[in-house]
Protein chains: 2
Amino acid sequence: MRLLLIEDERELADALSRALSKHGILTDHTMHLADAVELTRQNVYDAILLDRRLPDGDGLTFIPQLRRTGTDTPVIVLTARNEPLERVEGLDVGADDYLGKPFLVEELMARLRAVLRRPASLAERQIAVGRMMIDPLHLSVAIDAIPFDLPRRELLVLTALAKRKEKTVLRSTLEAAVYNYEEEIQSNALDAHISRLRKRLLDAGAGVAVHNIRGVGYLLKEE
Amino acid sequence: MRLLLIEDERELADALSRALSKHGILTDHTMHLADAVELTRQNVYDAILLDRRLPDGDGLTFIPQLRRTGTDTPVIVLTARNEPLERVEGLDVGADDYLGKPFLVEELMARLRAVLRRPASLAERQIAVGRMMIDPLHLSVAIDAIPFDLPRRELLVLTALAKRKEKTVLRSTLEAAVYNYEEEIQSNALDAHISRLRKRLLDAGAGVAVHNIRGVGYLLKEE
DNA sequence: CCCCGAAGGTTGCAGCAGCATTACGGGCGC
DNA sequence: GCGCCCGTAATGCTGCTGCAACCTTCGGGG
């Protein structure tokens with residue numbers, strides 16, 4: 001899952017990014033509304049976290065702007081301006097949720113899940129493949145209903161493959177699913193993850209296999 | 001997908017070509033505007049990437065020239081000249097997008113997708129032929145909904161034929177779909193790929209056949 | 001109707017790009 | 001400080017791919 005965080009307090013932003021990454025969520029961060037518009041054009045985010053008090057204006061002005069481009073990505077407003085009237089204001093202009101600072105990361109996670117559940121979201125509910133059930137939303141995996149723990153990166157690879165199971169996923173798509181901007185890689189780290197993931201799937205008897213299509217990408221297939 | 005890259009910094013051009021090729025995109029590269037005009041006459045590109053500061057003038061002058069020939073191929077300007085006024089200038093002469101250097105390849109990809117999305121682009125959509133489904137965008141092929149792996153070059157041949165199924169595709173068009181400039185070939189490599197592709201399609205019972213029109217080209221037909 | 005040249009088809013081979021695997025070490029969390 | 005995760009790099013291997021040699025098919029003209 002990939003979020004856009006629009007927030008001008010660097011410390012909070014960093015802390016939040018770190019916290020979310022523990023949940024397997026990639027976060028792109030910007031401090032300016034102007035950049036945010038660009039970023040949403042360039043990327044498909046699962047959700048947007050928006051501060052109100054920003055250097056270049058009230059974050060709320062961003063929401064109509066976003067909707068006008070036809071994007072219905074959920075927006076969660078995170079702000080100290082948490083008076084009831086201010087909340088109404090926020091939701092009226094199209095925010096999907098409104099969360100007052102300070103807040104617990106767990107609450108944010110819960111609200112995220114809630115927001116993503118609403119429409120038949122891109123992030124599908126559960127994917128069954130082989131003897132596995134994969135839940136891209138909670139980033140959890142089970143084999144025969146028994147939870148199956150995976151390291152974060154391998155989990156991201158697996159869910160990205162599962163979302164398009166039985167179809168080839170371009171190598172570049174996988175890279176985008178596992179890494180965000182700041183963390184470019186220059187080695188075969190992705191290959192290494194795939195190798196380790198394969199071993200784990202094999203040891204666990206998951207009933208699935210990761211195939212390579214030389215020069216193109218990978219695909220997840222039942223055995 | 002095939003792009004024309006007009007850019008005088010060799011290193012950047014090479015890096016970009018390599019990056020794009022990972023997305024299954026072929027790139028033709030020239031350093032001169034004069035050549036670019038010729039190239040667009042001889043080839044059909046899905047999009048054009050244009051630098052401004054070139055040895056033979058401001059790249060922007062190329063856009064009206066191109067439009068006058070009736071070509072509406074999207075043009076994305078890539079340049080260090082990224083002042084707001086310069087952006088306006090670029091967009092006003094007919095560029096479809098304007099991207100300041102340095103930029104992230106992912107951003108370029110996103111903008112490419114955005115630009116190609118506008119008209120119901122040729123590149124999109126899935127193609128059904130015989131018992132096969134071909135997805136030129138994801139470079140994936142399935143027979144009876146079962147994924148069908150192909151080597152990269154054969155895949156490119158097949159998608160090029162599928163895009164004009166039941167119609168003859170010139171031999172030169174095929175060559176252009178499979179190879180870009182830097183990798184000229186001097187043997188019957190294309191014939192070899194077609195031969196190998198035919199064998200694979202036959203073995204798999206794909207329900208399609210590649211026919212030859214002597215002296216002209218090939219066509220893909222249901223059996 | 002057959003002959004012949006040209007276009008296309010097939011296939012073995014060698015080179016190499018791309019992939020798989022694994023060990024290593026830094027780093028972070030517990 | 002112990003263990004797990006993760007990026008890096010070295011190594012080995014697989015099979016795609018360009019090439020070329022050889023074979024087949026096609027079509028026109030004698």
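Letters go in sequence order (proteins before strands), and every chain restarts at 1.
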Peer 1: Need to verify one output field. Residue with the more 5' nearest nucleotide on DNA chain D, Arg200(A) or Arg200(B)?
Peer 2: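 Final value for this comparison: Arg200(A).
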Peer 1: Determine whether a donor-acceptor pair (one donor, one acceptor, N or O, separation below 3.5 Å) exists between the side chain of Arg214(B) and the base of dA6(C).
Peer 2: yes
Peer 1: Atom NE2 of His211(B) to atom C1' of dT25(D): distance rounded to whole Å?
Peer 2: 15 Å
Peer 1: OP1 or OP2 of dG9(C) less than 4.0 angstrom from a side-chain nitrogen or oxygen of His193(B), does that happen here?
Peer 2: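 For His193(B), the contact criterion (side-chain N or O under 4.0 Å from OP1 or OP2 of dG9(C)) is not met.
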Peer 1: Once you round it to whole Å, what is the distance between C1' of dA20(C) and CG of Leu197(A)?
Peer 2: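 From Leu197(A) CG to dA20(C) C1': 13 Å.
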Peer 1: Do the side-chain N or O atoms of Arg196(B) get closer than 4.0 angstrom to the phosphate oxygens (OP1, OP2) of dG9(C)?
Peer 2: no
Peer 1: So, is Lys199(A) close to the dA20(C) phosphate, meaning a side-chain N or O under 4.0 Å from OP1 or OP2?
Peer 2: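 Answer no for this pair, as no side-chain N or O of Lys199(A) is under 4.0 Å from OP1 or OP2.
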Peer 1: Counting heavy atoms not belonging to Lys221(B), are there more than 12 under 6.0 Å from its NZ?
Peer 2: no
Peer 1: Quick one: which residue pairs count as a side-chain hydrogen bond (donor to acceptor under 3.5 Å, both in side chains) with a foot in residues 143-160 of chain B, not counting sequence neighbours?
Peer 2: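 Sorted result for residues 143-160 of chain B: Arg131(B)-Asp144(B), Arg153(B)-Glu183(B), Glu154(B)-Arg200(B).
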Peer 1: With heavy atoms under 4.0 Å as the rule, sort Asn212(B) into base, sugar-phosphate or nothing.
Peer 2: sugar-phosphate
Peer 1: With a 4.0 Å cutoff (strictly under), does any side-chain N or O of Tyr218(B) reach OP1 or OP2 of dA7(C)?
Peer 2: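 Tyr218(B) to dA7(C) OP1/OP2: no side-chain N or O under 4.0 Å.
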Peer 1: Distance check: side-chain N/O of Tyr179(B) vs OP1/OP2 of dG18(D), anything under 4.0 Å?
Peer 2: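 For Tyr179(B), the contact criterion (side-chain N or O under 4.0 Å from OP1 or OP2 of dG18(D)) is met.
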Peer 1: In whole angstrom, what separates Ile194(A)'s CD1 from dT21(C)'s P?
Peer 2: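 After rounding, the gap between these two atoms is 10 Å.
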Peer 1: Under 4.0 Å between a side-chain N/O of Arg171(B) and OP1 or OP2 of dA7(C), yes or no?
Peer 2: no
Peer 1: Check this one for me: any side-chain N or O of Ser195(A) less than 4.0 Å away from OP1 or OP2 of dA20(C)?
Peer 2: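 No, Ser195(A) has no side-chain N/O under 4.0 Å of OP1/OP2 on dA20(C).
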Peer 1: Send over the distance from Leu155(A) CG to dC4(D) P, rounded to a whole Å.
Peer 2: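 In whole Å, dC4(D) P lies 18 Å from Leu155(A) CG.
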Peer 1: How close or far is atom P of dC4(D) from atom CG of Asp149(A), stated in whole angstroms?
Peer 2: 12 Å
Peer 1: Taking any heavy-atom pair under 4.0 Å as a contact, classify Arg198(A): base, sugar-phosphate, or nothing.
Peer 2: sugar-phosphate
Peer 1: Under 3.5 Å, side chain of Asp56(A) to main-chain N/O of Leu33(A), donor-acceptor pair present?
Peer 2: yes
Peer 1: Just checking Lys167(A): does its NZ atom have more than 12 heavy atoms from other residues, nucleotides or ligands closer to it than 6.0 angstrom?
Peer 2: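 At most 12 heavy atoms, drawn from other residues, nucleotides or ligands, come within 6.0 Å of this atom.
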Peer 1: Does a nitrogen or oxygen in the side chain of Arg152(B) sit under 4.0 Å from OP1 or OP2 of dA17(C)?
Peer 2: no
Peer 1: Quick check: does any side chain N or O of His29(A) sit under 3.5 Å from a backbone N or O of Glu7(A), one acting as donor and the other as acceptor?
Peer 2: yes
Peer 1: Please give, in whole Å, the distance from dG12(D) P to Asp191(A) CG?
Peer 2: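 Computing the Asp191(A):CG to dG12(D):P distance gives 18 Å.
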